[in-house]
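Read the structure below first, then the notes.
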Amino acid sequence: MPSPAAPDPAWGLSTVAIHTGHSVDPRSGALANPLHMSTTYAFATAEDAVHAFEVATPGDGQSTPDGEFVYARWGNPTQAALEAVVAALEGAEAAIATASGMAAISGALLMALKPGDHVVAPKSVYSATHTHLTYWLPRYGIEVTQVDATDTATVAAALRPTTRLLYLESPDNPTLRVTDLRACAAIGHAHGALVMVDNTFATSYNQRPLELGVDVVLHSMTKYLCGHGDALGGAIVGRADWVRECRRGVLRDFGGVISPFNAWLIRRGVETFPLRMARHNANTLTIATALEEHPAVAWVSYPGLPSHPQHALARRQMPGGYGAMLSFELKGGLAAGARMLSRIQLCTQAVSLGDTKTLVTHAPSTTHTTVPAEARHAAGITDGLVRMSVGLEDPADILADLDQALH
Ligand SMILES: Cc1ncc(COP(=O)(O)O)c(C=O)c1O
C-alpha cells in the first residue's frame, strides 16, 4: 500500500481536496480510493509484529516502518486517506477521524482535561457540547465557565490560573454569532490555555482557525465534509504530537474510531467539498438577503449580512465566505414558525446540516431541547428561532417554497 499522496504546498484547495490522501492501487490500477474493511493486518515476520507493538507507536496509524497497519481501531488505509486530506484542508500537521463529531469533541475534551482543571466556553454551542460542558465535565471534577464569547473582554475576565482550555464554536449553533478567534487565541495562550474551535459551521473552506493561532480544530464531518447526509464522522485536527496522543487515547483506548465505509464515503464527498461550499455560500447569501426583506420575517442572523452584529469580523475571519447556516424568527414567533415548518414542501423539516438538501428546524424544540430554557435564553436562543441549513438546490426554488409556506 503506497502512502497517501502528500499535498503540494502550491496546490489550491480543490486540488488538495481531490488529490491529498489519494492512491492508485498498484496491482489493479484502480483509480478510485480503495475501501479496506479489514479489522486486522498481517505481519510478515515475528519481528515485524514485535516492532509494531513495542517499538513503533501506533500514533500515525501506520505502525510498522514500511507503513503497514496493525488493527483497525488504531487506523486503517481508508481512514488514513481521509485523515490526510482533512489535515491538509485545515493547513494542519495531522488529523484523526472519529466515529462522529461528538466522538471528536468528547475525545478532545477528555484528552485536554483532568480533575481540577477549569474550562472557559461560550454560552451558545451545539446542544450535546453544552451537555458536556454543564453535565459530563463537572462529573469528572472539571469546572466550566460559560460566557458570551463574542465579547473578548468577558472571555479574558473568565480565565483563571487553573484554566486549561478555551473552547470555542464560531459561527455558533444556532445563533450564528461570530467569535474573534485571533483575539481569543491570544487571550488563551497568555494564560497558558489550549484553544480549541469547533469549525463545523464555517468549514475549512471559509475559515482556517489554525492560521489565526488556534491550537486544535474539531469537525463534525457528518456535515459539509461528507456533504450528502449519508455518513457520520468527526475529526480532531492540529499539531502532530497532540493528534498522535489523541489517536492513542480517543481511537486506540476509547475506541471512537470511524467505520471504514463512512471514512470512504466522506473521503469521496471531500472531492467536491470546495465546489459545494462555493455554491452553499452563494445560495445562502441570496436566501438570507431575501428573508431579511420578507414582510413576515422579524430578524435574520447570517454573518454575511451587513446587519449581523459581527459582520465586519466575519469579513476578516471568514475569507472564503459566510457558510450555509442561518437562523431567523418570524413576526408571529413560535406559532408562525411552526405553521411555516408544517407547510414547506421542497425544503425538509429535519435536524442536521451540510446536506445537498435544504433542512429547516425549530432549534429550541429539536436540536437544542436538551438545553434548559433559561440557558437557551441566556445564549440568545429565542423561543421562535428557526435554523436553516441551505442546500444546493436552485435558490429561486428554495425561495419559492419558503414564500408559499409564509403566506
Ligand atoms: C456545531 C456542531 N458540532 C458538532 C456536532 C455533532 O456532530 P455529530 O452529529 O457528527 O456527532 C454538531 C451536530 O449537529 C454540530 O452542529
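Read the numbers this way: they start at 1 and go in the same order the structure lists the ligands and their atoms. Just so you know, residue 1 is the first one in the sequence shown, and it goes up from there.
- Ligand 1 lies out of reach of T367, whose nearest heavy atom is not under 4.0 Å from it.
- With sequence neighbours left out, D241 forms a salt bridge (charged side-chain N to carboxylate O under 4.0 Å, His left out) with R239.
- If you look at V125 next to ligand 1, there are no close heavy atoms at all, none under 4.0 Å.
- For atom 1 (C) of ligand 1, the nearest non-hydrogen atom of the protein is D198 OD2, 3.4 Å.
- Between F69 and Y41, the ring planes lie tilted relative to each other; the angle falls in the 30° to 60° range.
- For atom 6 (C) of ligand 1, the closest non-hydrogen atom of the protein is Y126 CE2, 3.6 Å.
- Of the protein's non-hydrogen atoms, T222 OG1, 2.6 Å is the one closest to atom 10 (O) of ligand 1.
- Residues passing the salt bridge (charged side-chain N to carboxylate O under 4.0 Å, His left out) test with E245 are R248, sequence neighbours excluded.
- When the heavy atoms of R387, K223, M102 are ranked by distance to atom 9 (O) of ligand 1, first place goes to K223.
- Looking from atom 16 (O) of ligand 1 to the surrounding protein, the closest heavy atom is N173 ND2, 2.9 Å.
- Counting atoms of ligand 1 from 1 in the listed order, those under 4.0 Å from a heavy atom of G101 are 7 (O), 8 (P), 10 (O), 11 (O).
- In this structure, Y224 has its ring center at least 6.0 angstrom away from the ring center of H219.
- The environment of CZ in R279 is crowded: more than 12 heavy-atom neighbours from other residues, nucleotides or ligands sit within 6.0 Å.
- Under a cut-off of 6.0 angstrom, the local environment of CZ in R268 is sparse, with at most 12 non-hydrogen atoms contributed by other residues, nucleotides or ligands.
- Residue contact check for ligand 1: L353 places a non-hydrogen atom closer than 4.0 Å to it.
- Relative orientation of the F261 and W264 rings is parallel, given thresholds of 30° and 60° on the angle between their planes.
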